[in-house]
Undergrad: 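Here it is: the structure, laid out below.
Being a predicted model, the structure only gives us computed values, none of them experimental.
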Amino acid sequence: MKDNPIMRLAVRWNIPFMLIFALYTQTHGELGPGGGFQSGVIVAAAFVLYGLVFGGAEMRRVVPRWFTDLLGAVGVLIYAGAGVYAMAMGYEFLDHAALMPSNPGGAEPWGMTVVEYGVGITVFGVMMTIFNEITEGTNPEDNEPTDDSADTEYGS
Amino acid sequence: MQIVLDYYNYWACILIMMIGFYGIMAKSNLVKKVISLAIFQTGILVFYISTGKIDGGTGPVRVADGAAEAVYSNPLPHALMLTAIVVGVSTMAVALAIIVNIRQAYGTIDEIDIETMEHERGE
Amino acid sequence: MSPTIMLDVVLLALVIIAGIAAIEVRSLFAAVMLASIYSLLMACFWTTMDAVDVAYTEAAVGAGISTILLMGALVLTGETEIVRRAVHWPALGACMLVGALLVYGTLDMPKFGDENAPAHVHPIYAGYTQQDVRKHPGGKSHGDNVRAEQAAEHSEPEAHDETAHGHGDYFHGHVPNQVTSIIVSYRAFDTLFETAVIFTAGMGLIVLLRGRRGNPLKGGLL
């Protein structure tokens with residue numbers, strides 16, 4: 001599909017809007033429908049669309065494999081970290097009031113925002129990982145040396 | 001007639017579940033089984049969401065402070081099912097990964113063929 | 001009865017037709033596409049059921065990512081299905097038996113859309129929808145602060161209605177989306193481990209599939 005100008009143009013023009021929409025979903029998760037799950041999936045869908053048209057190697061150049069693997073863990077750490085932070089401040093686990101002890105009612109949306117970002121990052125990372133692994137090796141052109149470089153990235 | 005109007009949603013959800021159940025039992029292709037599992041899952045989601053619906057209710061998003069008297073559908077099943085969908089796609093991905101590995105090991109993803117091969121190997 | 005009943009019935013009929021077609025069609029690519037259509041119809045149906053968050057998720061996950069994953073898997077596993085018999089009668093019989101039992105079970109359920117169903121009249125449910133669960137003993141919300149100021153002006157003690165959860169509402173009116181507030185506040189532990197499940201699925205994919213280079217399966221999605 002790389003040589004199809006219509007596909008290239010459509011994808012190039014659609015991806016920014018998808019990313020903006022995902023950001024809207026993420027930041028308005030507590031105001032309207034949406035949240036971390038949906039925004040993570042929409043961001044992943046934008047990059048997957050890019051990968052489908054321009055090839056997996058090109059997609060992994062934009063979003064390297066080690067990066068998405070890392071994000072999957074980082075999101076869970078942010079989520080659990082919000083809970084551990086509350087414990088360290090003397091509150092109960094995942095008690096968002098720890099973020100703003102003077103105004104616990106106002107702290108609750110902040111805690112939700114932090115937690116939603118954690119969920120969104122994890123979902124994005126894992127969806128990209130799943131797509132990378134499911135489609136790995138399906139195209140001879142994709143046998144790029146990214147695997148080796150990914151290994152060295154882990155090692156270094 | 002009234003009984004149909006009262007329960008048609010539950011019956012539809014049971015019908016969807018049974019479509020998925022039939023697919024799981026009757027289809028020997030493993031990818032078909034995964035699709036059937038997804039359909040079975042959505043049947044259960046329909047059941048939960050139906051229990052949360054209130055006549056004349058609206059989506060569980062508070063519009064303004066003044067609208068606190070509005071009737072909202074029960075948000076608890078929505079929250080449960082939202083996570084269920086995302087976990088469902090994760091388990092589906094793992095299932096597909098295992099199917100890809102099965103295909104590499106046996107050269108087929110047909111359950112009965114795999115059973116035959118295992119049987120021949122055992123003798 | 002809900003005025004959207006016709007829409008419900010039409011959407012449910014379409015969903016069931018799409019589901020049967022996805023199971024019964026011979027070509028696996030067609031089955032994946034029909035499953036995608038099924039998910040989109042399901043998203044429409046959930047909008048009529050007032051589950052906007054679920055509809056959103058289904059449209060993004062069910063119709064988007066699942067379809068891509070199934071297509072990617074089909075490229076690696078082949079797209080032909082061996083059909084040994086058109087109708088598997090024992091399976092159909094078992095399905096009908098289980099379905100009949102379940103339909104018999106629904107007759108004890110509260111009526112669809114009944115606002116007096118036990119799930120809607122439980123005391124905790126009122127707290128969910130009003131976001132008034134009083135999670136933190138001794139906590140104060142913005143509303144409480146205003147009320148405290150008013151009480152100070154009138155120099156009379158603030159009236160607290162004591163509940164089993166303590167007193168002082170925490171985030172009354174702060175989060176309009178009740179589903180989000182349930183997911184990441186009331187049920188935060190649950191969501192933490194759901195996130196862990198997703199993470200584990202990603203790790204499982206890496207363990208199962210990463211590094212199978214030089215495999216004989218060629219031709220591809222990408």
Undergrad: Among C/C95, C/S66, C/A73, C/G62, which has the most heavy-atom pairs under 4.5 Å with chain B?
TA: C/C95
Undergrad: Nearest 0.5 Å, please: how far is CZ in C/R187 from CG in C/L192?
TA: 12.5 Å
Undergrad: Where does C/T48 contact chain B at under 4.5 Å (heavy atoms): side chain, backbone, both or neither?
TA: backbone
Undergrad: Taking side chain as everything from C-beta outward and backbone as N, CA, C, O, which of these in C/L34 sits under 4.5 Å from a heavy atom of chain B? Side chain, backbone, both or neither.
TA: neither
Undergrad: So which of B/L45, B/L30, B/V86, B/L80 has the biggest tally of heavy-atom pairs under 4.5 Å with chain C?
TA: B/L45
Undergrad: Identify which of B/G59, B/G88, B/P60 forms the greatest number of heavy-atom pairs closer than 4.5 Å to chain C.
TA: B/P60
Undergrad: Find the one option among C/T180, C/V15, C/I82, C/V197 whose heavy-atom pairs under 4.5 Å with chain B are most numerous.
TA: C/I82
Undergrad: For the interface with chain C, which of B/T83, B/I39, B/I109, B/T51 has the highest count of heavy-atom pairs at distances below 4.5 Å?
TA: B/I39
Undergrad: How many angstroms lie between NZ in B/K27 and CG in C/L28, if you round to the nearest 0.5 Å?
TA: 10.0 Å
Undergrad: Chain B heavy atoms under 4.5 Å from C/W46: which part of the residue, side chain, backbone, both or neither?
TA: side chain
Undergrad: Using non-hydrogen atoms and a 4.5 Å limit, figure out which bit of B/I99 sits close to chain C: side chain, backbone, both or neither.
TA: both
Undergrad: Within this structure, what is the CG-CZ distance for the pair B/L15 and B/F21, rounded to the nearest 0.5 Å?
TA: 14.0 Å
Undergrad: Do B/N9 and C/F45 come within less than 4.5 Å of each other through their side chains, counting heavy atoms only?
TA: yes
Undergrad: In terms of heavy-atom pairs under 4.5 Å, which option from C/M42, C/E115, C/E81 contacts chain B the most?
TA: C/E81
Undergrad: Heavy-atom pairs under 4.5 Å with chain B: which of C/V98, C/I65, C/V9 has the most?
TA: C/V98
Undergrad: Where does B/T42 contact chain C at under 4.5 Å (heavy atoms): side chain, backbone, both or neither?
TA: both
Undergrad: Where is the tightest heavy-atom contact between C/V103 and C/T106, given as atom of each residue plus distance?
TA: O-OG1, 2.6 Å
Undergrad: Looking at chain B, which one of C/H88, C/M96, C/E24, C/R84 has the largest number of heavy-atom pairs inside 4.5 Å, strictly under?
TA: C/R84
Undergrad: Using non-hydrogen atoms and a 4.5 Å limit, figure out which bit of C/A119 sits close to chain B: side chain, backbone, both or neither.
TA: both
Undergrad: I'd like to know which of B/M17, B/K32, B/M92 tops the heavy-atom pair count under 4.5 Å against chain C.
TA: B/K32
Undergrad: Do you know which two heavy atoms are closest between C/L41 and C/A18, and how far apart they sit?
TA: CD1-CB, 4.2 Å
Undergrad: If you take all heavy atoms of B/M25 and B/K33, which pair is closest and at what distance?
TA: O-NZ, 4.5 Å
Undergrad: CE/C/M109 to OH/B/Y10 distance, rounded to the nearest 0.5 angstrom?
TA: 4.0 Å
Undergrad: With respect to chain B, which residue among C/V52, C/I20, C/D190, C/T200 yields the maximal number of heavy-atom pairs within a distance under 4.5 Å?
TA: C/I20
Undergrad: Drop me the distance from B/H119's NE2 to B/I112's CD1, to the nearest 0.5 angstrom.
TA: 14.0 Å
Undergrad: Out of B/I98, B/L96, B/T91, which one racks up the most heavy-atom pairs below 4.5 Å with chain C?
TA: B/L96
Undergrad: Going through the checks in order, is the ring pair (Phe, Tyr, Trp, His ring centres under 6.0 Å) test met by C/F112 and B/Y7?
TA: CA-CA 6 Å; C/F112 171 61; B/Y7 296 112; 9.7 Å; no
Undergrad: Nearest 0.5 angstrom please: C/I183 CD1 to C/D53 CG, how far?
TA: 6.5 Å
